There are 2 protein chains.
Amino acid sequence: MAVNKNVNAGARTVRPRRRDAARNRDALIAAGRELFDANGLTPTLDDVARHAGVGVGTAYRHFPNKYALAQAVLAESVTDMLDAADRAAQLDDAAAGLAALFDAVLEPQAAKRALGRVLRDAPDTAPPVDDVHTRIENCIDTLLERAREQQVVRSDITATDIGVLMSLMGHLIERFGDVDAHLWRRFLPILLHGLRADAPAPLPGTALNTEDFISRLGRSTQP
Amino acid sequence: MAVNKNVNAGARTVRPRRRDAARNRDALIAAGRELFDANGLTPTLDDVARHAGVGVGTAYRHFPNKYALAQAVLAESVTDMLDAADRAAQLDDAAAGLAALFDAVLEPQAAKRALGRVLRDAPDTAPPVDDVHTRIENCIDTLLERAREQQVVRSDITATDIGVLMSLMGHLIERFGDVDAHLWRRFLPILLHGLRADAPAPLPGTALNTEDFISRLGRSTQP
DNA sequence: CGCAAAATGGAGATGCGTCTCCGATTCTGT
DNA sequence: ACAGAATCGGAGACGCATCTCCATTTTGCG
């Protein structure tokens, strides 16, 4: 082979971003972080662009839509969250593990007001957001099995049940988070206690299957 | 006083609606019921008008907005709901009463897909919707006091805590109701069990005050 | 009947967020 | 220093729901 000017030989040829482009991209992410952390996903991509001191067109060339920018902004929080979830799944005490898992999933959502929305509603997801559902579900599966062995949850609870509860708590954070960012911590013990093993009667109905659960997770609330 | 042509002497003079107007109004309510029951609040007032075979202008003269029409459509469900709630509040067994109260509030929301949204988001409410919050809160207060006496709930639970839980369940219905309209029944026992008296540690943080609770109840979910 | 008041209906104004287009500007390799 | 490519910026097109305006039609009283 002749001279290969591109360092990135194996991957698809990628010429480095121009310096002004990189600067603008960074400015957009910074502005996005600022606005999204403070106001959730309410601000428009136009808002973020203005706040970053660039034109709307620039914003839309760098990020196809608000959610793409939000994913860039929140990438680190998401990987942190997944790490924390994995750590929770490794706890031998299943009850503690479940509590830690809820914590791992909810605490970041309470800290970053846009995170919950991105996790649930982003129209097209990229790493690391794209496999949050799978990864978390694995953690749930692991802990749930362990919890059943240790008899610390009622046996008719399924993984999607836990998922539903997590999404409910996420909703609680979204709805009441600006009045009291820690309110979810108040309800977590109630929930966890409710999941405990001493069940007088089996849970009515059947749990959701994973597909239905995922499908309804996204933007459902109507006009 | 001279002759009073109007039968409705005491109230503000109200001349009877013209026959075509009454017909259209009824058609709108019927069409609204049909569309709202099937699709929640998604359809626009324009949709309902078309479905009722009347012009948009007509719809907007009869009802200032979608929520006003929805309230007319759902009025009966709401009074039924309040009756059921009052009945629940009269049960001597506080645990059963609480369960019945949740049922009274949630079952209608599951049956009428638009109800939850109206209860939470309607921008201006008229009877009987306007005092749902007060009436329900009274029921909660009554039952909660009784439940504490009977030691069937942990003593650190407040009325707004119950309200928050009700709103969460309402959200569950909205989010997952079209996949499984009865899913909420699966989670109710978990919740109720979680509220029970054997508390290993006090609930963290403080409960919401009523004002904050009400204020955050409305349309919060963002773009 | 006849006529004034009431009611109609639907085109289109308004508002809001999303996103595109393209002439102007700024970079970068030579 | 210069050409050509890459990037910028923001006016405005678009989609969608909400709501208004007023020329026309319907009603019902006298």
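Note on naming: letters A, B, ... go to the chains in the order of the sequence lines (proteins, then strands), and numbering restarts at 1 for each one. Note that this is a predicted model, so its numbers are computed, not measured.
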- Message: Just to verify, what does B/D26 make a side chain to side chain donor-acceptor pair (under 3.5 Å) with, not counting sequence neighbours?
- Response: none
If you check the [X] side chain, which of [options] turns out closest?
{"X": "B/N65", "options": "D/dC19, D/dG28, C/dT8", "result": "D/dC19"}
{"X": "A/K66", "options": "D/dT27, C/dT18, D/dG28", "result": "C/dT18"}
{"X": "B/V56", "options": "D/dT7, C/dG10, C/dT18", "result": "C/dG10"}
{"X": "A/Y60", "options": "D/dT20, C/dC19, C/dT8", "result": "C/dC19"}

Tell me the interatomic distance from [X], atom [atom1], to [N], atom [atom2], rounded to whole angstroms.
{"X": "A/R61", "N": "D/dG10", "atom1": "CZ", "atom2": "C1'", "value": "12 Å"}
{"X": "B/D46", "N": "C/dG12", "atom1": "CG", "atom2": "P", "value": "15 Å"}
{"X": "A/F63", "N": "C/dT20", "atom1": "CZ", "atom2": "P", "value": "16 Å"}
{"X": "A/R50", "N": "D/dA11", "atom1": "CZ", "atom2": "C1'", "value": "13 Å"}
{"X": "B/L41", "N": "D/dA17", "atom1": "CG", "atom2": "C1'", "value": "13 Å"}
{"X": "A/L69", "N": "C/dC19", "atom1": "CG", "atom2": "P", "value": "12 Å"}
{"X": "B/R117", "N": "D/dA17", "atom1": "CZ", "atom2": "P", "value": "13 Å"}
{"X": "B/D47", "N": "D/dC19", "atom1": "CG", "atom2": "P", "value": "14 Å"}

If the threshold is 4.0 Å, N to carboxylate O, is there a salt bridge linking [X] and [Y]?
{"X": "B/R120", "Y": "B/E174", "result": "yes"}
{"X": "B/R23", "Y": "B/D20", "result": "no"}
{"X": "A/D37", "Y": "A/R33", "result": "no"}
{"X": "B/R186", "Y": "A/D161", "result": "yes"}

I want to check one thing: is the phosphate of [N], taken as OP1 and OP2, less than 4.0 Å away from some side-chain N or O of [X]?
{"X": "B/T58", "N": "C/dG9", "answer": "yes"}
{"X": "B/R17", "N": "C/dA6", "answer": "no"}
{"X": "B/H62", "N": "C/dA7", "answer": "no"}

- Query: With a 3.5 Å cut-off and just heavy-atom distances, do the side chain of B/R18 and the base of C/dA7 make a donor-acceptor pair?
  - Reply: no
- Message: When you compare the side chain of B/V73 with that of B/K112, does any pair of heavy atoms fall below 4.5 Å?
- Response: no
- Note on the structure: The correct set of residues in residues 21-32 of chain B placing a heavy atom under 4.0 Å from DNA chain D is B/R23
- Message: Assuming nearest nucleotide by heavy-atom distance, tell me which of A/G57 and A/L45 is located more 5' along DNA chain C.
- Response: A/L45
- Message: side chain to side chain donor-acceptor pair (under 3.5 Å) for B/N39 and B/T42? Distances and angles first, verdict last.
- Response: CA-CA 6 Å; B/N39 312 313; B/T42 312; over 6 Å; no
